[in-house]
Amino acid sequence: MTIFRLGYVAMSKTLKNASPSQTMTHTRFQTIPDREAAIRKLEAIARSNLHNTLRLLKHNLAHDISFFRMSSKLVPLATHEDLRNWRYISALTEELKAIGDYAKANEMRVDFHPDHFVVINTHDKEIFQRAMIVLKYHFMLLHGMGIDPTHRCVLHLGGRYQDKEQALESFIENWALVPSSLQKMIMIENDDKSFTLEDCLYVCEKLNIPLVFDLHHHLANHSDKNWVNAWSRVVNTWKSSPLPLKMHISTPKSEEKFKSHADFIDPEMFLDFVKNVSGTIPQIDCMIEAKQKDEALFRLVNDLKDAQDITWVDNTVFQWNSDQ
DNA sequence: GCCCGTCAAGGAGTA
DNA sequence: TACTCCTTGACGGGC
């Protein structure tokens with residue numbers, strides 16, 4: 001018996017005026033003559049983003065959603081080199097704590113997915129250092145929230161650099177340069193153009209990193225299309241994690257734009273996945289990556305309402321009765 | 001209030 | 001070597 005829990009990404013299509021990603025570009029920042037006033041403006045934007053994140057968590061609770069990826073843009077320009085001395089965490093102590101307290105009190109799983117510019121396997125020291133600054137920013141946010149940072153950041157393996165085998169080895173070499181506090185945060189996801197499930201398994205097994213399997217990326221980029229052959233290895237990468245196995249679920253936009261995310265999730269494809277993995281592990285957390293965000297989650301739930309062999313635990317958590 | 005160019009990032013692909 | 005595109009949500013100028 002496997003429990004499936006559904007979650008969604010960063011922002012809501014139903015909750016109005018609740019963006020957690022308001023920003024100020026550095027170009028705009030530079031046009032404000034009073035630097036202190038500009039920094040106060042950044043802090044006001046960040047407070048609004050954190051306030052809206054808390055509103056999103058409350059919205060989620062009202063809909064039984066306990067799995068959520070937070071925006072990585074909560075604090076604009078936090079990792080910009082021009083703002084290295086800005087002590088943004090101390091300015092946002094209360095707002096961060098409120099989010100963490102709420103998530104913990106309601107047993108919510110929250111995490112991040114820093115964008116693909118965080119490249120660990122680079123040979124360029126500056127790019128590597130920038131990646132560390134971005135990871136540290138995520139670590140600080142989690143620390144400010146009082147949330148155990150273990151396995152809270154999903155990353156890709158990085159660039160292919162004309163030689164994929166060497167690029168994989170570069171990741172392993174550079175991993176030793178990543179501070180252990182940041183190593184603990186990281187999960188690795190297979191991507192849609194460079195590193196396949198097999199590539200990621202090679203690295204994850206070697207470095208003991210949980211693998212976040214993205215089914216859509218796998219369909220776009222694979223060595224063996226039948227992912228079921230590798231599923232037990234994916235499960236095994238999670239054996240020492242305090243969190244349940246995490247998946248990414250999305251549907252191709254079209255045949256022409258296969259790699260892009262569709263507005264909603266194809267329930268047939270999702271059910272096929274569910275059937276294949278049910279019984280292999282006690283719980284799987286499925287992150288819905290669809291353009292319509294929580295609307296897509298609600299529609300998927302509705303589409304599955306009458307599916308045979310599904311028993312709903314609450315509005316977004318179900319069991320697949322595989323033994324029946 | 002809508003439209004669309006711009007902002008940011010690193011890598012891949014093309015000329 | 002130099003460029004364009006990819007991706008994302010938001011900003012902000014123009015109308």
Side-chain angles (χ1 to χ4, degrees), chain A residues 8-32 38 41-42 44-53 55-56 68-84 112-138 153-164 166-168 170-171 174 189-196 199 214 216-217 220-221 248 250-254 256-263 287-296:
Chain A
Y8 72 99
V9 175
M11 58 181 284
S12 168
K13 287 288 181 180
T14 54
L15 193 65
K16 300 302 175 194
N17 300 315
S19 169
S21 308
Q22 289 170 286
T23 193
M24 184 195 293
T25 64
H26 186 246
T27 304
R28 173 93 182 112
F29 177 81
Q30 285 177 307
T31 65
I32 301 173
K41 175 68 179 164
L42 287 176
I45 294 170
R47 278 195 194 94
S48 172
N49 288 340
L50 294 170
H51 172 69
N52 283 337
T53 299
R55 286 178 62 209
L56 286 162
F68 182 60
R69 178 196 300 166
M70 295 184 287
S71 167
S72 282
K73 297 176 180 170
L74 294 176
V75 187
L77 303 181
T79 60
H80 198 284
E81 60 179 4
D82 190 25
L83 285 132
R84 246 345 104 66
F112 289 111
H113 191 347
D115 61 36
H116 61 285
F117 308 112
V118 175
V119 183
I120 287 182
N121 74 337
T122 177
H123 284 301
D124 186 320
K125 286 182 179 173
E126 284 189 18
I127 292 170
F128 182 81
Q129 280 312 315
R130 275 200 287 276
M132 293 306 103
I133 287 166
V134 175
L135 288 176
K136 189 180 174 191
Y137 156 74
H138 287 86
C153 281
V154 179
L155 294 184
H156 295 290
L157 283 177
R160 207 166 51 208
Y161 305 117
Q162 287 88 49
D163 183 345
K164 198 168 76 168
Q166 182 52 50
L168 287 171
S170 296
F171 185 96
N174 285 2
E189 176 194 358
N190 57 305
D191 68 75
D192 56 5
K193 52 183 181 181
S194 295
F195 297 106
T196 64
D199 298 327
D214 188 309
H216 180 186
H217 288 172
N221 177 33
H248 286 173
S250 51
T251 295
K253 187 178 180 70
S254 63
E256 297 73 34
K257 291 193 165 184
F258 190 86
K259 291 175 181 173
S260 299
H261 290 169
D263 283 353
M287 179 61 67
I288 303 301
E289 294 184 326
K291 289 279 186 190
Q292 292 302 315
K293 311 294 181 185
D294 53 341
E295 285 280 21

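All chains are named by letter (A, B, ...) in the order of the sequence lines, taking the proteins before the strands, and each is independently numbered beginning at 1. Atoms considered below: every heavy atom in the structure, side chains included; atoms not considered: hydrogens, waters and symmetry mates.
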Kindly give the atom pairs (protein nitrogen or oxygen, nucleotide nitrogen or oxygen) under 3.5 Å for nucleotides 12-15 of chain B.
residue, atom, partner, partner atom, Å
B/dA12, OP1, A/Arg160, N, 2.5
B/dG13, OP1, A/Arg160, NH2, 3.4
B/dG13, OP2, A/Arg160, NH2, 2.8

> Quick one: do the A/His216 and A/Glu289 side chains pair a donor with an acceptor below 3.5 Å?
Replying inline: no

>> The criterion is salt bridge (charged side-chain N to carboxylate O under 4.0 Å, His left out); which residues satisfy it with A/Asp124, sequence neighbours excluded?
In response: none

> Just how far, in rounded Å, is P of B/dA9 from CG of A/Leu155?
Replying inline: 18 Å

>> Pairing donors with acceptors under 3.5 angstrom, does anything connect the side chains of A/Thr14 and A/Ser12?
In response: yes

>> What is the separation between atom CG on A/Asn221 and atom P on B/dG11, rounded to the nearest whole Å?
In response: 17 Å

>> Students often mix this up, so state it plainly: with edges at 30° and 60°, are the rings of A/His156 and A/His217 parallel, tilted or perpendicular?
In response: tilted

> How many angstroms lie between CE in A/Met70 and CG in A/Asn49, if you round to the nearest 0.5 Å?
Replying inline: 12.5 Å

>> Which residues pass the salt bridge (charged side-chain N to carboxylate O under 4.0 Å, His left out) test with A/Arg160, not counting sequence neighbours?
In response: none

>> Roughly what angle, to 10°, lies between the helix axis at the start of the helix from B/dG1-C/dC15 to B/dA15-C/dT1 and the one at its end, five pairs per end?
In response: 60°

>> As an exercise, state the distance from CZ of A/Phe195 to CG of A/Asn221, rounded to the nearest 0.5 Å.
In response: 10.0 Å

>> For chain A and DNA chain C, what are the first and last nucleotides along the strand, 5' to 3', with at least one atom under 4.0 angstrom from a heavy atom of the protein chain?
In response: C/dT7 to C/dG12

> Between A/His80 (NE2) and B/dC7 (C1'), how many Å, whole number?
Replying inline: 11 Å

>> Measure CE/A/Met132 against C1'/B/dG10 and give the value in whole Å, please.
In response: 14 Å

> Tell me, do A/Asn190 and A/Asp199 make a side-chain contact under 4.5 Å, heavy atoms counted?
Replying inline: no

> Can you tell me how far P of B/dA8 sits from CG of A/Leu77, to the nearest Å?
Replying inline: 8 Å

> What residues in residues 16-30 of chain A put a non-hydrogen atom under 4.0 Å from any atom of DNA chain C?
Replying inline: A/Ser19, A/Ser21, A/Gln22, A/Thr23, A/Arg28

> CD1/A/Ile133 to NE2/A/His80 distance, rounded to the nearest 0.5 angstrom?
Replying inline: 11.0 Å

> Do the side chain of A/Arg55 and the main chain of A/Asn17 share a donor and acceptor less than 3.5 angstrom apart?
Replying inline: yes

> Within less than 4.0 Å of OP1 or OP2 of B/dG10, is there a side-chain N or O belonging to A/Arg130?
Replying inline: yes

>> Rounded to whole Å, how long is the line connecting atom CD1 of A/Ile133 with atom P of B/dA8?
In response: 17 Å

>> Does A/Lys291 reach a base, just sugar-phosphate, or nothing at all? Heavy atoms under 4.0 Å.
In response: sugar-phosphate

> Quick one: CD1 on A/Ile288 to NE2 on A/His248, what's the gap to the nearest 0.5 Å?
Replying inline: 10.5 Å

> Hey, what do you get for CD1 (A/Ile120) to CE (A/Met132), rounding to the nearest 0.5 Å?
Replying inline: 4.5 Å

>> If I take atom NE2 in residue A/His123 and atom P in nucleotide B/dG11, what distance separates them, rounded to the nearest angstrom?
In response: 11 Å

>> Parallel, tilted or perpendicular, judged at 30° and 60°: which one describes the rings of A/Tyr161 and A/His123?
In response: tilted

>> Could you tell me if the side chain of A/Met11 sits less than 4.5 Å from the side chain of A/Ser21, heavy atoms only?
In response: no

